[in-house]
**Student:** 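Please find one structure pasted underneath; my questions will follow.
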Amino acid sequence: MATTSPLDGPQGAEREVRFWPMRDLAGLDFDPLLAELLANDPVTRIRLPQGEGDAWLVTRYRDVQFVSNDPRFSRKAVRGRSVTRVAPHFIPLDQAVNFFDPPEHTRVRRTVAKAFAARRMRALQPRVQQLADELLDAVERHGPPADLVAMLHAPFPLAALSTLMGVPPEDWPRIDDWTERVLSAARGRQDSDRAKAEMGAYYADLLRHRLAEPREDLVSTLARAVREEQATEEEMAATAVLIHSSGIHAVRNNSANMVYALLTHPRQLDRLRADRSLLPQAVEELLRFIPHRNGVGLSRIAVADVEVGGVLIREGDAVYVSYLSANRDPAVFADPDALDFDRQHNPHLAFGHGPHHCLGASLARMESQMMLAGLLDRFPELRLAVPVEQVRWRASALIRGPVALPVTW
Ligand code: FLV
Ligand code: FLV
């Protein structure tokens with residue numbers, strides 16, 4: 001009797017390709033296509049609105065971990081290839097750390113890894129707390145209603161990252177403008193590419209200044225790596241652009257999403273108010289639960305034939321993983337669609353997995369905890385100032401978040 005294996009099914013080009021059109025979703029709704037694929041078609045072919053050709057999309061937790069941690073899936077091989085994607089342009093510059101593979105990746109990442117270690121973040125805590133306190137003071141002085149995006153979520157990570165990098169306050173508005181243009185699917189390729197190039201040139205210049213006159217900041221750390229020939233100026237400028245813009249944009253939107261999620265899940269909010277020691281695990285659960293982005297981010301290219309979840313992926317194929325769907329996989333998370341601050345087992349992948357795992361995870365956690373703690377302490381009656389349907393969400397966004405978050409107390 002012949003045995004059948006999953007590999008006997010239709011492979012590669014013979015498989016149906018699903019078009020994923022990237023419609024704006026309401027609130028923090030989970031993308032219905034991701035939910036369906038996770039349940040029924042965990043390794044599938046997709047086509048996104050921009051770029052060329054098709055790609056694989058991997059949605060289950062185990063398979064996502066496997067692909068993001070296996071050297072046969074290359075980021076370097078994506079450079080210069082017009083892989084099907086959500087944004088018209090590539091977010092990173094070619095020489096940024098997320099476009100390298102080990103061992104080169106290890107060399108580039110090592111230049112900054114120590115500066116982002118949990119221990120260093122704890123040393124930075126008082127300064128970052130002061131930035132948060134100043135913004136929260138201003139919210140109190142302003143009085144209700146107030147827009148938390150404008151008054152807290154947007155300025156806080158801009159100030160925190162810029163202080164860490166060593167970018168002077170007079171340049172923050174330019175950094176802010178470049179960040180919004182680089183991390184957008186809606187501006188068009190030319191404008192986003194120009195913003196990315198301008199921000200890269202800004203950092204190349206700042207690196208030269210710090211090479212001449214080092215200070216106690218991250219740009220000086222990057223400049224030292226150039227001087228000691230651990231990395232090139234182009235690699236360090238591109239990596240600075242990635243760290244700065246991603247760090248601002250992800251925390252800005254995700255922390256607003258966290259507050260929105262709390263204000264629309266009153267039982268969990270009450271639970272947290274009643275037991276403030278839950279805050280760290282509440283932040284982890286919010287990271288798991290919130291669908292951080294639309295679609296998928298940066299792909300990888302298979303550099304050999306590899307079987308994933310019983311499907312043969314061919315050398316040269318582009319592969320995406322979804323950390324969002326992995327975070328809702330019922331094989332790992334009981335009742336995955338529930339926001340539950342008492343969840344005991346929460347190995348979420350909100351910061352990715354493998355060698356490219358988010359460098360700024362400790363800083364992001366610290367910033368999110370500070371913002372939520374400050375809001376809970378100061379505004380015990382915090383609530384939305386408008387009906388929930390009137391909260392407006394970023395259109396054609398890569399990273400999801402509210403345009404404004406009007407609250408009262
Ligand atoms: O840094 C990356 C990133 C950040 C983020 O907030 C969302 C993402 O989808 C990504 C990504 O896909 C790749 C990155 O390097
Ligand atoms: O959203 C994306 C993104 C965010 C980011 O902070 C860094 C990135 O490299 C990316 C990316 O490559 C693709 C995205 O859609």
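Just so you know, ligand 1 is whichever comes first in the structure, and atom 1 is the first atom listed for that ligand.
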**Student:** Would you please say whether a donor-acceptor pair under 3.5 Å links the side chains of His153 and Ser255?
**Tutor:**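 Side-chain D/A pair, His153 to Ser255: present.
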**Student:** Would you say the rings of Tyr260 and Trp393 are close, in the sense that their centroids are separated by under 6.0 Å?
**Tutor:**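 Yes.
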**Student:** Any carboxylate oxygen within less than 4.0 angstrom of a Lys/Arg side-chain nitrogen, looking at Arg276 and Asp377?
**Tutor:**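 Salt bridge flag = yes for Asp377 with Arg276.
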**Student:** Looking only at the aromatic ring of each residue, does the gap between the centers of His265 and Phe341 stay below 6.0 angstrom?
**Tutor:**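 Ring centres of His265 and Phe341 not closer than 6.0 Å.
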**Student:** Could you go step by step and tell me if Val149 and Val403 meet the side-chain contact (heavy atoms from CB on, under 4.5 Å) rule?
**Tutor:** CA-CA 7 Å; Val149 170; Val403 175; over 6 Å; no
**Student:** Is it true that Arg47 and Asp54 have a side-chain N and a carboxylate O under 4.0 angstrom from each other?
**Tutor:**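 Yes.
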**Student:** Got the residues with a heavy atom under 4.0 Å of ligand 1, by chain and number?
**Tutor:**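 For ligand 1, the contacting residues are Asn98, Ala250, His292, Arg293, Gly297, Leu298, Ile399.
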